[in-house]
Peer 1: 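Below is one structure. I have some questions about it.
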Amino acid sequence: MAKTIKKAAAGAALGATAVPAVLVDTCAWIDFLRNAQGDLGDQVAQLISTGRARLCGVVAAELLQGVKTPKEAAQLQMLLDRVPSLPTVE
């Protein structure tokens with residue numbers, strides 16, 4: 001999974017263009033992080049590789065709430081460091 005994040009992030013750096021960003025919901029991130037064969041996770045990987053995937057504070061908080069192991073925490077931190085976050089306005 002960590003290789004997937006690194007590879008997708010590298011692709012984003014190479015091919016960033018003016019395409020619309022996509023705010024990815026928590027359930028899609030969970031599928032990406034936990035299910036190697038999930039269709040939803042594959043779509044998230046594609047969004048990351050094209051530089052279109054985005055997080056927001058609420059989604060990040062929900063993902064952090066679900067962390068169960070130090071390995072999951074490290075993987076999630078890598079994701080949070082590489083995927084841009086959209087501001088949340090009240």
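We're numbering straight along the sequence, starting at 1.
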Peer 1: Treat each ILVMFWY residue as a node, draw an edge where side-chain heavy atoms are under 4.5 Å apart, and state whether Leu63 and Val58 are in one component.
Peer 2: no
Peer 1: Within the side chain of Arg54, is there an N or O that forms a donor-acceptor pair under 3.5 Å with the backbone of Gly51?
Peer 2: yes
Peer 1: Looking at every heavy atom in both Pro84 and Ala53, which two are closest together, and how far apart are they?
Peer 2: CD-O, 3.8 Å
Peer 1: If Ile, Leu, Val, Met, Phe, Trp and Tyr residues are connected whenever their side-chain heavy atoms lie under 4.5 Å apart, and connections chain through other members, are Val22 and Leu86 in the same group?
Peer 2: no
Peer 1: Asp81: what forms a side chain to side chain donor-acceptor pair (under 3.5 Å) with it, not counting sequence neighbours?
Peer 2: Gln77
Peer 1: Holding to side chain to side chain donor-acceptor pair (under 3.5 Å), I want the full list of residues that pass it with Gln43, two or more places apart in sequence or in another chain.
Peer 2: none
Peer 1: Kindly write out the residues that satisfy side chain to side chain donor-acceptor pair (under 3.5 Å) with Asn35, not counting sequence neighbours, or none if the list is empty.
Peer 2: Asp31
Peer 1: If the condition is side-chain contact (heavy atoms from CB on, under 4.5 Å), which residues does Ala28 pass it with, not counting sequence neighbours?
Peer 2: Val24, Leu40, Val44
Peer 1: Please tell me whether Val83 and Leu80 are part of a single hydrophobic cluster in this structure, the criterion being side-chain heavy atoms less than 4.5 Å apart.
Peer 2: yes
Peer 1: How close do Cys56 and Ser85 get, counting heavy atoms only, and between which atoms?
Peer 2: CA-OG, 3.7 Å
Peer 1: According to side-chain contact (heavy atoms from CB on, under 4.5 Å), who are the partners of Asp25, at least two apart in sequence or on a separate chain?
Peer 2: Cys27, Val59
Peer 1: Sort and list the pairs that fulfil salt bridge (charged side-chain N to carboxylate O under 4.0 Å, His left out) and have at least one residue in residues 59-74, not counting sequence neighbours.
Peer 2: Arg34-Glu72
Peer 1: Could you give the distance from CE (Met78) to CG (Leu33), rounded to the nearest 0.5 Å?
Peer 2: 10.5 Å
Peer 1: Do Leu23 and Ile30 sit in one hydrophobic cluster, given that two such residues count as connected whenever their side-chain heavy atoms are within less than 4.5 Å of each other, even indirectly?
Peer 2: no
Peer 1: Return the CG to CZ distance between Leu79 and Phe32, rounded to the nearest 0.5 Å.
Peer 2: 6.5 Å
